[in-house]
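Working notes, structure below.
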Amino acid sequence: MDEILFTLTLIFGLAAVFLLVAAQRGLPAIPFYLLAGVVAGLAIDEAQLLDLAQWGIAFLVLLFGIHVDVESFRSTGRISVAVGLLQAGLVGGLAVGLGLLFGLDSVNAVYFGVAAALSSSLVATSYLDGEPGIRPTYARIAESIHFTEDLLGVLVVIALGAFVYAAAPAVEQFAVAAGLFAFALGIRYLVFHRLTARLRGDAEVMMLVAVSFAIGFIALAEAAGLSIVVGAFAAGIAIADDYPHSLELVDTVDDLEDFFSPIFFVTVGALLAIPTVESIGYTLVLLAAVLVLNPLLVALVLLRGGFDGRTAIRTGLTLDQVSTFSLFIAIEAVGAGRIARPVFDAIVLAAALSMIVATYTGRHADEINGWLRERGVVRALGEPLGDRTHVTEGLTDHVIVVDFEHGGRQVLEACSFLDRPVLVIEDDPVLLEAIRDECDNYVYGDVLNDRVWERAAVDDAALVVSLTPERDRAEAVVELQSDVPRLVRVDGTDAAAAFLDRGATGVIYPDAIAAERVGDDLEALLADEISREEFAERGRAHFEA
C-alpha cells in the first residue's frame, strides 16, 4: 500500500509541476505529462508502472465507451465498420509481413502488426465530444471508426489470452466474452436507462452507480479469466446510456477522466527506454503506418465512399496515434514475457511520439486540411462533387443555405413563403435524401472548396445564410471572395464582433434569439396577455422548432 501511495503521489506531483509550466506558456499538456513520466520512471519500479498503465488504459476505455453516441453509430456504422476493417486489415497484414521479413517470430510479428493497424487519438476525443445534434459529420464518423477498432482490439486481447497466454488453447474464452457482452447489453437496455431516469439530477449517486458497474464488470472479467480491459469495455457498453440521461452521466464521470488521464500519460512516459538501433527501425515503421498510411487510407476510402474532402481528411487525422489497445496488448505481453524487448520499446516510443503529433494535428486539423487542398492532394484522392449536385441552369437571385441540419428547413419555409429560390450546401450524405426531397437545388461538398461555391453560383446569389456551428466553416463563408451579403451563425459576442468587422452582413446568435423569445413570452405572461398553459405551449413550440 505504501508503495502505490508513493507512486501515485510522485506521478501527480510531477504532473502538477510540469502541467503548471505548460499552462503558463500556453502549451499542450500531453508532451509535459510524458516528460513528467520520464522523470518519474527513474524512481518507480517497472512492474508498478505496468500495473498502473493497464488500469489507466482500462478506465480510459470505459470512459470512451460511455461517450460513444450509440444512435450516431447506428446511422454511420456501416461505412465506419467497412473503413475500420479495411484500414486495419490492410495495414495490419502489411506490418505483420514486414515483421516476419525483419526476422521476428510469428507472435511478435502479430504484436507489431496490431500496433500498426489499430489507430485512435485520445487527443481527438477532446474535440470529437460536443453537444448532441450539433456535432459535425467527421466527428460522428471518427467516433464510429474508433469504436470499430476498439472492438477489433478486444477481439485481439481475447485471442491472445485464449491461444498465446493460456497453457492450452482456451476457445471457450470467446463464448465467455460473448456472454459478458450479452449481459452488458441486457443491463443497458433493461436496467440502466431506467435507473438513470430515476437518478436524474443526482450526480453523486449517478457517479457511484457508474463506478460500481465498472468495477463489477472488471471483477466479472477477471473471475472468468478475461483481461480487465475486456471487462472495462463491456462496462462502457452497459452504462453508455442514451440522450438525454447520457449528458448527466458523462458530466459525472469526467472527473474520473481527469484522474486517470495523467496516470496513463505519465506511465507511458515512464516506460520509455533508451532506444536501440533495432527499436528505432521498428518505431519508424510504426510511425509511418500510424501518422501517414492510416490517415491517408481512411481519407481515401471515405472519399471513394462519397464523402467530401474535409470530412475525409479530418476523420483520417483522428487516427494518427497508436491505439490504447495496442499499448495494453504490448504491456500485457511484456508482463507475460511473450514480446521481444525491442518491439515493446518501439511500440511505447511510437505511442509517445504519435501522442505529441496528435496534439498538433488536433489543434490544426483545419489548417492541415487547407494545406492538403491547396496542393491538390484532396482532388488527387478523388473528392466527389458533381454526382451529388443539382443546380437549375441559369439560377440567380437565390438564397444559399449552408448546413441544412441546424435550421435549414426553417429558412426553406421562409423562402418558399416569399417565393425565393433556395440552394443548400451540405457535407453530410445522411441528410442528402431529405435535401433532395425538400429542395430543388443543392451542392454536396465542403464550403472550403472553391468549386462548391462556383457550382452554387455564389456571384449570382442574393444572400448566403450560414447556419453551421463550426467556426472554421463560418469563417470560410465570411471570407468569400464575393460581394454577396452573408449572414453567419456565431457562438458568442466576441465572434459576432469579429465577423462583422471582417465583412459579414449580419450574425445569428442562437442564445440571444432564445433569450429574446423567452423574454417576450415572459413579458406577455406577467402582463396577463397569455395564460400559463399558453406560455408552456410556446416554450414547447420553440423547443420543437
Side-chain angles (χ1 to χ4, degrees), residues 61 64 68 72-73 75-99 109-125 128 137-157 159 233 284-330 347 350-351 353-355 357-358 361-362 365 368-369 372 377-378 380-384 429:
V61 167
F64 176 75
V68 169
S72 176
F73 183 74
S75 65
T76 61
R78 181 177 299 179
I79 183 66
S80 301
V81 170
V83 172
L85 291 177
L86 182 62
Q87 173 260 312
L90 289 177
V91 177
L94 178 62
V96 169
L98 286 175
V110 168
Y111 291 136
F112 188 69
V114 168
L118 299 184
S119 296
S120 65
S121 179
L122 287 174
V123 180
T125 59
L128 293 184
T137 306
Y138 73 83
R140 298 195 293 268
I141 297 292
E143 184 182 79
S144 298
I145 295 176
H146 288 191
F147 186 68
T148 300
E149 297 212 352
D150 281 355
L151 284 172
L152 292 175
V154 168
L155 290 175
V156 172
V157 170
F233 192 79
L284 292 176
V285 174
L286 290 177
L287 290 176
V290 172
L291 299 180
V292 181
L293 186 57
N294 286 342
L296 279 180
L297 185 57
V298 168
L300 176 62
V301 174
L302 288 175
L303 285 167
R304 296 299 181 182
F307 287 86
D308 67 282
R310 178 174 179 271
T311 296
I313 295 297
R314 291 215 56 170
T315 302
L317 288 174
T318 68
L319 295 164
D320 61 350
Q321 180 183 310
V322 172
S323 170
T324 52
F325 271 95
S326 298
L327 269 172
F328 184 90
I329 290 166
I347 292 173
L353 293 175
S354 62
M355 287 174 190
V357 173
T361 57
I368 295 171
N369 173 49
L372 292 173
V377 175
V378 178
L381 291 173
E383 182 178 25

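Just so it is clear, the values below take in all heavy atoms, side chains as well, and ignore hydrogens, waters and symmetry mates.
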(request) Please list, chain by chain and in numerical order, all residues satisfying side-chain contact (heavy atoms from CB on, under 4.5 Å) with A116, sequence neighbours excluded. (result) V91, A95, L286, A289
(request) May I ask you to decide if the ring planes of F147 and F233 are parallel, tilted or perpendicular, using 30° and 60° as cut-offs? (result) parallel
(request) State, to 0.1 Å, how close S120 and T324 come at their nearest heavy-atom pair, and which atoms those are. (result) OG-N, 4.0 Å
(request) Would you name the heavy atoms of I313 and A299 that are closest together and state the gap between them? (result) CD1-CB, 4.0 Å
(request) Just jot down the side-chain contact (heavy atoms from CB on, under 4.5 Å) partners of V110, sequence neighbours excluded, or say none. (result) V114
(request) Report the residues that fulfil side-chain contact (heavy atoms from CB on, under 4.5 Å) with V285, sequence neighbours left out, ordered by chain and then residue number. (result) L98, F102, F112
(message) Could you go through L296 and L300, starting from their C-alpha distance and side-chain angles, then the distance that decides it, and tell me whether this counts as side chain to side chain contact (heavy atoms under 4.5 Å, CB included)?
(response) CA-CA 6 Å; L296 279 180; L300 176 62; over 6 Å; no
(request) Kindly write out the residues that satisfy side-chain contact (heavy atoms from CB on, under 4.5 Å) with L90, not counting sequence neighbours, or none if the list is empty. (result) L86, L297
(message) Taking the side chain as everything from C-beta on, heavy atoms only, tell me whether T315 gets closer than 4.5 Å to F307.
(response) no
(request) Might you point out which heavy atoms bring P295 and V290 nearest each other, and give the distance in Å? (result) CD-O, 3.2 Å
(message) Quick check: do H146 and L319 have side-chain heavy atoms less than 4.5 Å from each other?
(response) yes
(message) Return the OH to CG distance between Y138 and L302, rounded to the nearest 0.5 Å.
(response) 14.0 Å
(request) Carefully, step by step, assess V154 and V61 under the rule side chain to side chain contact (heavy atoms under 4.5 Å, CB included). (result) CA-CA 10 Å; V154 168; V61 167; over 6 Å; no
(message) Among residues at least two apart in sequence or on other chains, which ones pass side-chain hydrogen bond (donor to acceptor under 3.5 Å, both in side chains) with Q87?
(response) N294
(request) Check V96 against A109 and note the closest heavy-atom contact, atom names and distance. (result) CG2-O, 3.5 Å
(message) Holding to side-chain hydrogen bond (donor to acceptor under 3.5 Å, both in side chains), I want the full list of residues that pass it with T311, two or more places apart in sequence or in another chain.
(response) D308
(message) Can you give me the closest heavy-atom contact between S323 and S119, atom names plus distance?
(response) CB-N, 4.1 Å
(message) Would you say that L353 contacts V322 through its side chain, given a criterion of any heavy-atom pair below 4.5 Å between the two side chains?
(response) no
(request) Write down the atom of L287, the atom of A350, and the distance for their closest heavy-atom approach. (result) CD2-O, 3.7 Å
